[in-house]
Structures are given as structure tokens and as C-alpha cells.
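Computed over heavy atoms, backbone and side chain alike; hydrogens, waters and symmetry mates excluded. In this text the structure is predicted, and so the values were computed from the model without any measurement.
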Amino acid sequence: MTRPIVAIVGRPNVGKSTLFNRLVGERQAIVEDEPGTTRDRVYGTAEWAGVEFTVVDTAGLQDEQETAAASLAEIARNTREQARSAIDEADVIVLMVDTRTGLTAGDHDVADLLRRADKPTLLAANKADNTERREAAIEFYELGLGEPIPVSAYHGSGSGDLLDRIVEALPEVEEEPETEGPKIAIVGRPNVGKSRLLNALLGQERAIVSDVPGTTRDSLDTELTWAGQPLTLIDTAGIRRRGRVEQGIERFSVLRSMRSIDRSDVVMLVIDATEGFTAQDLHIAGYIEEQKKGVVVVINKWDLVEKTGRTMDDYRARAREALDFMPYAPLTFISAKFGQRVQQALETALLVVAERHKRVPTAALNKVLRDAVSSHPPASKPGKWVKFYYATQADVAPPTFVFFCNEPTQLHFSYKRYLENEVRQAFGFVGTPLRLSFRGRDDDR
């Protein structure tokens with residue numbers, strides 16, 4: 001299943017980021033896409049009344065902090081781009097306005113776009129911290145988007161009413177149709193070569209079963225058989241459509257990728273070798289890791305890179321530094337334009353599928369655990385010595401391991417990472433994240 005998407009749009013400085021943090025239930029850094037931001041994103045997962053959905057903040061802090069001297073025309077241009085992109089990808093739009101400053105031309109500008117869209121739209125009147133401002137929210141009826149919902153994103157008042165309305169407006173989540181074989185998604189930023197890779201793969205000699213519409217808007221799933229293995233390629237939403245990619249809103253392509261990632265078993269993350277790892281690439285990679293999907297990093301346009309005897313090794317080193325949160329991800333270097341090594345990329349993805357379903361014998365796992373603890377015992381406080389009892393594999397896809405010990409709360413994250421590395425060294429699990437759970441002995445009851 002794919003989560004529906006809710007986008008928060010509006011003028012700068014109306015409190016979109018504050019509402020975003022309120023809905024996802026935690027403070028997340030909302031920053032512009034610049035090198036070094038890595039895992040900071042403009043989206044998160046919210047849950048209300050048993051319904052999960054993705055929330056998108058349509059502007060980073062840099063946009064929120066436009067100077068007071070910025071012209072209304074410039075503000076309108078920025079918000080128009082933000083809103084248009086959100087409209088394209090979201091299932092529900094929340095237009096946020098500010099009861100403290102009142103109705104502005106900028107609010108009208110965004111509302112004009114939203115009224116013409118065939119999307120459910122809710123109007124959140126923010127900073128309604130007192131009776132006077134809640135009553136002032138009535139002036140926003142003028143926008144023609146229905147009843148304003150007074151909220152205070154900072155204090156949380158009215159957020160429950162807004163969430164109730166959001167859940168009511170969300171579309172029903174579509175059940176994934178049953179298909180044979182694994183689902184492999186091709187994702188990445190615009191213009192990195194996703195379409196060329198898909199076409200290169202389909203241009204190989206193999207039996208293509210059918211092209212069927214996916215549950216993702218504007219996507220197409222291709223069922224085929226590769227070396228006797230049935231599989232489904234999930235084309236990132238919209239990549240077959242020859243629409244424009246506007247400057248300044250490229251980061252919202254991550255939403256298309258998210259929809260495809262949610263539906264996949266393994267993701268082929270396509271990177272432009274001539275540009276290296278951008279913040280947007282890292283946003284997408286971070287989401288893949290969070291969703292515990294298998295991954296193959298596909299370095300495309302390798303034919304355009306000037307090479308020496310160390311070019312590939314140097315690129316691998318840069319990739320490991322950029323993707324330090326997923327060191328298990330294999331890299332393949334291809335030229336989709338010329339069909340070079342595209343077969344290797346897909347075969348690597350199928351290897352990752354197998355790794356995600358690998359089961360480790362309990363006896364072998366516990367031997368690795370004993371050896372690891374013997375070589376490097378966990379740090380312990382006097383009187384609270386950490387003692388491991390046993391470990392077992394609880395699930396696959398992703399591989400999930402449960403470690404039982406007497407003091408699970410005393411384990412430092414670095415020791416958990418050490419145990420994960422020992423498991424990987426012993427059993428592989430190429431391209432797939434692992435879930436490690438640490439429990440007390442009584443937790444097994």
C-alpha cells in the first residue's frame with residue numbers, strides 16, 4: 001500500500017513548518033536542499049485515528065525567512081511554484097493562513113491555484129491563539145475554499161479538528177494487486193536517466209508479460225520475466241510523461257519516488273555520475289532506509305566521466321561517505337544510453353531480493369553472538385553487567401533479529417551497530433537493511 005500525501009502550502013512565515021512538526025509528532029529539521037543537510041527532509045509520516053499519511057512541508061526555513069523587503073510579486077512567484085508542485089503530487093492540500101496578519105494578496109494568489117485544482121483542500125487559519133483571532137478567521141471565507149479551521153500550530157489547539165478533517169478528505173488506500181515475483185522500483189531525481197534505464201532493460205531479449213497501471217498516479221508497472229524470474233518494474237510516477245520540470249521545485253520529485261518506494265521490495269536508486277550525490281539524492285536514500293527497503297545504487301552516465309585507473313575506486317569512496325547511513329548498499333556503474341552494465345544492475349537487484357528473504361540458522365546466529373561478545377564485551381555499569389542469553393531471526397524482508405539480554409536499556413547504539421556489522425560479516429545481507437530488536441528475557445512471554 002502507498003500512503004496518501006498531504007501537502008501544507010501557504011505564504012512564507014505563516015507557520016507551515018510548525019504545523020508540519022505538530023502533525024508528525026516531532027521536531028524535524030526543515031532546511032533548504034544544500035550539501036550537508038543529508039537526512040533533513042521536508043516530509044514525515046503522521047497518524048490519526050488509525051490512518052497513516054505522509055505530510056509535506058512545501059517550504060524550507062530559507063523560504064520561511066524571506067526579508068520584509070521582499071516584493072509581493074516575488075512572494076507570489078515563490079508560493080505559486082510551491083503550490084503548483086504540491087498540487088501535482090498531493091492527495092489533500094492544507095492551505096495555511098495567518099490570523100495575526102489577516103488576509104493578504106499572497107493568500108489570494110495561492111488560493112487561486114488551489115480552487116482550480118481537482119483536489120480536496122482544507123483551510124487552516126493559524127496563530128488563532130485567543131478568542132479575538134479565532135473570530136477573525138471568518139474573513140478567510142473570502143478565499144472561496146470553505147470554512148476556515150482555527151488552529152494554533154505552536155500550542156496545538158485546533159490540531160485535532162484539522163486532523164479529523166484531513167482523515168475525512170483522504171482517499172481510500174488502494175490494495176496492491178497480487179503479482180508474481182518481486183517489485184523493483186526505479187527512482188531518482190529528474191533527468192538522471194531513469195527512463196533510459198527502464199528502456200534499456202526492456203530492450204533486452206526477454207518475455208514482457210504486460211504493462212499494467214500501478215496504484216501510483218501516473219505510474220506504469222511492467223511485468224516481465226528475467227532469466228526465468230518473474231518480476232515487476234515500478235516506473236517512478238510520471239517518468240513516462242513528457243511534462244516540464246521547473247527550476248526551484250525539483251525537490252518535490254521526492255514525492256514521486258516515495259510512492260514507488262512504498263510499493264517496492266527493492267529500489268534501484270539512480271544517480272547522475274556527472275553531478276555526484278546531491279541533497280535530493282540523499283533525501284530519497286534516507287527514505288529508502290527508513291522504510292527498510294532493499295537498495296541498489298545505480299551510478300548512471302558513467303560514459304561521461306573522465307577516467308583514470310582509480311576513478312571507480314575514488315567514486316566508491318565518495319559514495320560511502322555520502323551514504324554513510326546505508327553502507328550495505330551495492331553500487332553499479334552503468335551507461336543506460338549505451339546499455340552498458342544495465343543487466344548487471346538488475347541482476348544485483350535480484351540478488352538483494354534473495355538477501356532480503358535469507359534465513360539464518362539459530363545455532364549459527366548464536367555462535368556469531370557469542371564470538372562477538374567474547375571479542376568485544378558491551379560496556380556495563382557496575383551492578384548492571386549486560387549479559388546476552390540468545391538471539392533469533394524473527395522475520396524476513398527486511399531480515400529482523402531479536403537479541404535477548406538482561407539489560408537491554410544499557411546497550412549503547414554503537415554496540416548495536418557493532419552487532420549488526422558482525423551479523424553482516426558472517427551472513428552477508430547485501431543491499432538490505434536489518435532490524436535489530438533488544439529485549440529482556442521476560443519480554444519473550
Side-chain angles (χ1 to χ4, degrees), residues 3-26 28 30 41-49 51-60 63-64 78-101 103-104 106-129 133-134 137-171 249 251-252 254-255 258:
R3 296 190 190 97
I5 292 176
V6 176
I8 306 171
V9 303
R11 295 185 292 110
N13 206 33
V14 294
K16 297 184 295 297
S17 297
T18 305
L19 179 62
F20 171 88
N21 288 330
R22 174 70 59 182
L23 296 185
V24 302
E26 58 181 322
Q28 291 193 22
I30 309 301
R41 281 169 300 281
V42 292
Y43 57 81
T45 300
E47 185 273 335
W48 187 255
V51 178
E52 277 194 350
F53 53 93
T54 296
V55 184
V56 182
D57 181 0
T58 61
D63 294 323
E64 296 281 3
N78 290 337
T79 53
R80 185 181 296 111
E81 290 182 349
Q82 300 278 3
R84 184 182 294 116
S85 182
I87 290 168
D88 287 344
E89 304 304 332
D91 299 292
V92 173
I93 309 292
V94 175
L95 171 58
M96 200 162 194
V97 293
D98 187 344
T99 60
R100 186 165 57 191
T101 59
L103 189 60
T104 70
D107 296 324
H108 280 288
D109 194 65
V110 182
D112 286 342
L113 292 173
L114 299 182
R115 278 198 304 272
R116 294 193 294 268
D118 186 22
K119 299 287 179 73
T121 301
L122 303 175
L123 182 59
N126 192 32
K127 304 180 185 179
D129 304 305
R133 289 186 185 169
R134 285 192 292 271
I138 194 171
E139 70 171 318
F140 293 98
Y141 269 107
E142 185 178 331
L143 294 175
L145 295 174
E147 179 185 4
I149 306 168
V151 300
S152 171
Y154 183 80
H155 297 289
S157 61
S159 59
D161 294 335
L162 177 60
L163 282 163
D164 285 341
R165 295 279 299 277
I166 289 173
V167 171
E168 289 175 5
L170 290 175
I249 58 172
R251 63 182 170 180
F252 288 95
V254 74
L255 300 183
M258 288 167 61

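Between A90 and A7, the shortest heavy-atom distance links the atoms CB-CB, 3.7 Å. For the residue pair G158 and I149, the shortest heavy atom distance occurs at O-CG2, 4.5 Å. The two residues P150 and R134 make their nearest non-hydrogen contact at CB-CG, 4.0 Å. S152 and A128 make their closest contact through CB-O, 4.3 Å (heavy atoms, listed as atom of the first residue, atom of the second, distance).
Between the side chain of N21 and the backbone N or O of T18 there is no donor-acceptor pair closer than 3.5 Å. Panel note: side chain T99, backbone V97; no donor-acceptor pair is recorded below 3.5 Å. In this structure, R3 contributes its side chain and T54 its backbone to no donor-acceptor pair below 3.5 Å. N126 places no side-chain N or O within donor-acceptor distance of the main-chain N or O of M96, the cut-off being under 3.5 Å.
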After noting the C-alpha distance and the side-chain angles of Y141 and L123, does the key distance pass the side-chain contact (heavy atoms from CB on, under 4.5 Å) rule? CA-CA 9 Å; Y141 269 107; L123 182 59; over 6 Å; no
The test is side-chain contact (heavy atoms from CB on, under 4.5 Å); show your working for K119 and D91 and say whether it passes. CA-CA 6 Å; K119 299 287 179 73; D91 299 292; over 6 Å; no
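One distance of note links OG1 of T121 with CZ of R115; it measures 10.5 Å at 0.5 Å rounding. From D107, atom CG reaches atom CD of E139 across 8.5 Å, with rounding to the nearest 0.5 Å. Between L145 atom CG and F140 atom CZ the span is 11.5 Å, to the nearest 0.5 Å. Distance check, rounded to the nearest 0.5 Å: CD of E168 to CG of L163 gives 11.0 Å. Of the inter-residue distances, the one linking I166 atom CD1 with F53 atom CZ reads 5.0 Å to the nearest 0.5 angstrom. Separating the CG atom in L95 from the NZ atom in K16 is a distance of 9.5 Å, to the nearest 0.5 Å.
Using a 4.5 Å heavy-atom cutoff, the side chains of H108 and L103 are in contact. You'll find the side chain of I8 reaches within 4.5 Å of the side chain of L23, heavy atoms only. Contact of the R22 side chain with the V151 side chain is not registered, since no non-hydrogen atoms from C-beta on lie closer than 4.5 Å. A heavy-atom distance below 4.5 Å is not found between the side chains of L19 and V55.
With sequence neighbours excluded, no residue satisfies side chain to side chain donor-acceptor pair (under 3.5 Å) with S157. With sequence neighbours left out, the salt bridge (charged side-chain N to carboxylate O under 4.0 Å, His left out) criterion links D129 to R133.
Taking 4.0 Å as the cut-off between side-chain N and carboxylate O, D98 and K127 count as a salt-bridged pair.
Within 6.0 Å of atom OH in Y154, 12 or fewer heavy atoms from other residues, nucleotides or ligands are found, so the atom counts as exposed in its surroundings.
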